[in-house]
Amino acid sequence: MNNNFGISEEQMKALVAEGLRSGGSWCDLYFESTVYFDLLLRDSEVSSGGYHQDYGCGIRVLDGEKTGYAYSESTDYASLLNAARAASSIACGSSSAPGIISPAAGKRRADAQDRYPQESDWRQKEASFFVPVLKKIDTEIHRRESRADKVVAMLSWSLSDIMMYNSLGELSCDSRPLGSISVSTVFSKDGRIENRRVSRSFRCGAEMISDTLVEELISDSVKGVDAMFEAKRPKGGKMNVVMAAGASGILLHEAMGHAFEADFNRKGQSVFCDRMGKRICNKGINIVDDATIRGNRGSCNFDDEGVPGQKTYMVTDGILTSYLHDRISASWFGVEPTGNGRRESFRYNPIPRMRATYMESGSDGSLDDLVGSVRKGIFVDQFANGQVKIGEGDFTFYVKSGFLIENGQLTRPVKDINIIGNGPQALADIVAVADDLKIDNGTWTCGKEQSVPVSCGIPSVLVKGLTVGGN
Amino acid sequence: MKEQNIQITRDALALALEAGARKARVTLARSTENLVSTLNGEVDKVTRCEDSSLSFALFVDGRFGSFSTNSLDRESLREFLGKAVGIVRMMAPDACRNLPSPERCCKTAITGNELDLEDPAYTELTPERRRGIALSAAVFGKIKPEGYKIVSEEGEYADSRYETVVMDSQGLVCLHTEDNFDYGVEVTVEAGGEKYSGYWWDSSSRLDKLAYAGCGETAVRRAAGQIGSGPVAGKKYNMVIDRDVASKVVSPLLNALNAYSIQQNNSFLMNSIGRKVFSEGMTIMDLPHIKGQTCSKLFDSEGVATSEGPIIEGGTVRKYFVNSYMAAKLGISPTVEDATRPKVLPWPEPGMHLNDILRLCGDGIYVTEFNGGNSNAATGDFSYGVEGYLFEDGKIVKPVSGMLVTGNFLNLWNNFIAAGDDYRDCMSKLIPTLAFANVDFNG
């Protein structure tokens, strides 16, 4: 277990004691040291790069569900003591007795598996190792697709060393790598312009960079360019929608997943706040939020409250079985935390957040079977820019690309339309789930108050009666 | 503090040059922020934030890189910059990278308070005062609605001071200090088993001008206003957009005028400079120097002086946003990197507010919120989810939700009817109520 923060366990214990001096039920410390590196290819040259480092410690005091939070960018003891005192102000004037530290102080958490072992340390790789990767992507896209006009490719990696200590005396450490490549291509044809962005992101070491990954990025960038130029905005209306496996899972994240987050339910704001234990969709549907997928962008060995990462079934066989909890909501609901207490950095207090959110495969056949069952509808290949209103459950999703379905066949390509609906209603209207679950490994980032890396997935599904906006 | 900030930045610049940078720009950003959040009329969270970071633009042997750190002690910086210069040396040479010419740079940001954005009250605020503001603004339990109940009220008061120093190796020194006081509140109400949410906020660089009282009532009114909402028949309507969300149809135009989009051929406003591409009623000015107003600024991130002037004038595009790098790439004259305080001027006459514009339009949909959707930067096509109100004969008739608005920005702004004179000066973009004809709605 690394402690590169220049602070002893005795000092951490003393800081927790200071945080609880005015009362409060909980205190935790979150130390973070993050380095971030990026390289940018533009106009066929890797002519820009960057390196960034961030360091500090956040201190949180809870008084019931109330939070006091402060942080310091220095981990010298005096600075941390000031932060602890600022955080403790939440309990000033409360009726609670001074908080206590568990007699189990000094207990180290060793119950988390390593979901992101690093075979090759990013920090040992020079920029010169990555430059040929970006240049190959650029060269091959131009070679394979003459309509490719401009390519911008970015490679980045970050490594966060985390150390957490809390008033149960639990000490948890984690080292979180995150590597990402994104490629944006502008295509032009007869004066018309279209663009596409593809990306991959994993929690792993520099072994992520492989010929297979590079080929995926290139082939996905140049796939279906004809359809992009042929695509038209269709006539709008209410129709059945088949969502492709993989990236369509973002709809699950936005339109349903956020409403399962326990803070919204604790405050009575979610459409699901009185639905626990009730049927919310058809039998056979299971929806999961999972921190345990090896190398996944949303995985974590511990969450940011020191709770081991785990797999949480939110919907089991169509029944709502769990919200996504941090320690505050778990205590309020009287359940165990689910390891969803996450934060962007030491500058933020943790709140319930998703990790890798997906629906498990169903038993309604293949994508072809789903498309074949639709007389008139839309097949959605790529979503972007979804938004949901938590209370109402209303969502809108932008369809970047897809096809019309006519008499069970994919016919004309469509683009630049929106699908609008209501989360709980859309969930209840899923009438078929294929057996082809795919987790999408794009650079998904959830922006609920703070930015955290997530991923999503879904098998191909058929939803009846969504509103499609068109001409 | 300002002298200390200048010294930190000057030392960092010297270290960058010592590490091997031929030229460099250094930006010091320091901030303090205090927040008090309430839930249902009680303090729910208090947060104190203090941040300091140094950002470097390093030019080494014809190559470029950008770097940042929040470890500001000299030895950490020396080690960091040694590594940074090593990284830059591995980049491909790029002759287009350079500092802006000193003639274009700002020479008037000397004290940091030239735009009067510092409030002496900031340093006198106490934790008790902050709690007092947050609690007094809360309305939960204080108002008794009829026909619906308030499920939750989440409010947040925040005050902050941001201090920036920008220096470069050509002698640039710019300071900017800005205080902000904000209050925002989100309310969820329930009626007939359905939930509806509403949000309202205010912001000012002066504490005594922060209108936190009344935010809660407005948020409740906005939430309750949507009770019973639903889609109406899909067809072409006049669209009136509330000033609070009207930037949704202005920001994509400004993005399309940015040289990064132009250079990548990813803009629906390529080759538009000097051309009339919008309705003659459309004029957007950049007004970066309004004293006492949030987001006013004398210089951009390169230290280039901002200036007042038209971006789009009578429907004709007058300005691309071109930083030094993009100017060299495109072989055109540099301007500034972005709009600072864009303002849509009133049309067809000054002094109009929302009700005047509803009357002018007669019938249509008044959009109060956008919910998701997207626009295509290359084509200007857009599709957004919306909610708001159906209006007839200039009067609001019923709430609307579950609708989509679809179109193309060039067409939309060529069907421009009116711009009000009612922008909120607490917003970074000064966009008033806007109205357009013949807009496609689906529901």
Side-chain angles (χ1 to χ4, degrees), chain A residues 43 45-56 65-73 83 86 89-90 126-128 131 149-150 152 186 188 193-195 233 236-237 267-269 271 347 349 384-392 394-398 416-418 420 467-471, chain B residues 39 42-52 63-71 80 83-84 87-88 90-94 97 127 151-152 154 188 194-197 231 234 264-266 329 371-374 376-379 381-385 387 401-406 440 442-443:
Chain A
D43 298 327
E45 289 290 353
V46 182
S47 58
S48 175
Y51 184 74
H52 311 271
Q53 56 187 33
D54 203 17
Y55 179 91
E65 290 84 47
K66 297 177 168 51
T67 302
Y69 197 77
Y71 59 81
S72 168
E73 293 182 302
S89 67
I90 190 67
E126 300 278 8
S128 54
V131 169
D149 187 12
K150 297 274 189 179
V152 173
V186 175
S188 63
I193 300 167
E194 293 292 342
N195 53 31
R233 184 177 280 163
K267 296 167 187 171
Q269 297 163 343
V271 286
R347 294 184 172 81
N349 60 294
N385 279 30
Q387 194 172 333
V388 64
K389 298 191 76 176
I390 296 294
E392 294 88 330
D394 294 339
F395 66 81
T396 306
F397 272 82
Y398 182 74
D416 293 340
I417 54 175
N418 266 320
I420 193 166
T467 299
V468 176
N471 290 323
Chain B
L39 175 64
E42 294 184 9
V43 172
D44 187 55
K45 188 170 78 170
V46 292
T47 308
R48 176 162 177 78
C49 316
E50 287 186 37
D51 292 283
S52 301
R63 296 163 167 84
F64 174 79
S66 58
F67 305 85
S68 67
T69 178
N70 70 342
S71 296
F80 175 79
K83 186 179 178 74
I87 290 171
V88 178
M90 293 183 201
M91 301 296 107
D94 189 345
R97 292 281 187 185
V151 175
S152 74
E154 287 190 281
T188 303
E194 302 288 331
K195 292 190 171 78
Y196 305 89
S197 57
Q264 287 296 309
N265 297 340
N266 195 23
K329 278 265 194 192
N371 180 22
N374 201 6
N376 185 324
T379 64
D381 290 340
F382 66 83
S383 181
Y384 298 121
E387 67 179 40
S401 64
M403 300 287 289
L404 292 167
V405 58
T406 302
D440 280 313
N442 293 119

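Protein chains get the first letters and strands the later ones, always in sequence-line order, with residue 1 at the start of each.
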message: Pair A:Glu392, A:Val271 - check side-chain contact (heavy atoms from CB on, under 4.5 Å), show working.
response: CA-CA 7 Å; A:Glu392 294 88 330; A:Val271 286; 5.7 Å; no
field: Under 4.5 Å from any heavy atom of chain B - which part of A:Asp394
entry: both
- prompt: Got a second to check how far B:Arg48's CZ is from A:Tyr69's OH, nearest 0.5 Å?
  reply: 14.5 Å
- prompt: Counting heavy-atom pairs under 4.5 Å to chain A, which of B:Cys49, B:Gly373, B:Ser197, B:Pro93 comes out on top?
  reply: B:Gly373
- prompt: In terms of heavy-atom pairs under 4.5 Å with chain A, which of B:Leu39, B:Asp44, B:Thr188 leads?
  reply: B:Asp44
query: What part of A:Asp54 gets closer than 4.5 Å to chain B, counting heavy atoms only: side chain, backbone, both or neither?
result: both
- request: Go through A:Val388, A:Ile420, A:Asn195 and name the one with the most non-hydrogen pairs under 4.5 angstrom from chain B.
  value: A:Ile420
statement: The interface call for B:Glu194 against chain A, heavy-atom contacts under 4.5 Å, is neither
- prompt: Can you check side-chain contact (heavy atoms from CB on, under 4.5 Å) on A:Lys150 and B:Asn266, steps first, answer last?
  reply: CA-CA 9 Å; A:Lys150 297 274 189 179; B:Asn266 195 23; over 6 Å; no
message: Shorter than 4.5 Å, heavy atoms on both sides: which option in B:Gly65, B:Ser152, B:Ser66, B:Gly385 has the most such pairs with chain A?
response: B:Ser66
task: Report yes if the side chains of B:Val43 and A:Ile90 come closer than 4.5 Å at any heavy-atom pair, otherwise no.
output: yes
- prompt: Given that the side chain runs from C-beta out, which part of A:Tyr55 has a heavy atom under 4.5 Å from chain B: side chain, backbone, both or neither?
  reply: both
message: Working to the nearest 0.5 angstrom, can you tell me the gap between B:Arg63 CZ and A:Ser47 OG?
response: 10.5 Å
- prompt: Does one side chain, of A:Thr396 or A:Gln387, offer a donor that lies under 3.5 Å from an acceptor on the other?
  reply: no
message: Looking only at heavy atoms and a cut-off of under 4.5 Å, which of B:Thr69, B:Asn376, B:Asn374 has the most pairs with chain A?
response: B:Asn374
- request: Mind ranking A:Asp43, A:Asp149, A:Asn349 by heavy-atom pairs under 4.5 Å with chain B and telling me who comes out on top?
  value: A:Asp43
- prompt: Say you draw a straight line from OG of B:Ser401 to NZ of A:Lys389; how long is it, rounded to the nearest 0.5 Å?
  reply: 8.0 Å
- line: Of the listed B:Asp94, B:Val88, B:Val405, B:Asp51, the one with the largest count of heavy-atom pairs under 4.5 Å with chain A is B:Asp51
- line: Bottom line for B:Phe382: the part with an atom under 4.5 Å from chain A's heavy atoms is backbone
query: Do B:Val151 and A:Lys267 come close enough that some side-chain heavy atom pair is under 4.5 Å?
result: no
field: Pairwise distance CG(B:Leu404) to CG(B:Asn371) - rounded to 0.5 angstrom
entry: 9.5 Å
- request: Under 4.5 Å, counting heavy-atom pairs only, tell me which of B:Pro231, B:Ala378, B:Ser68, B:Ala377 racks up the most with chain A.
  value: B:Ser68
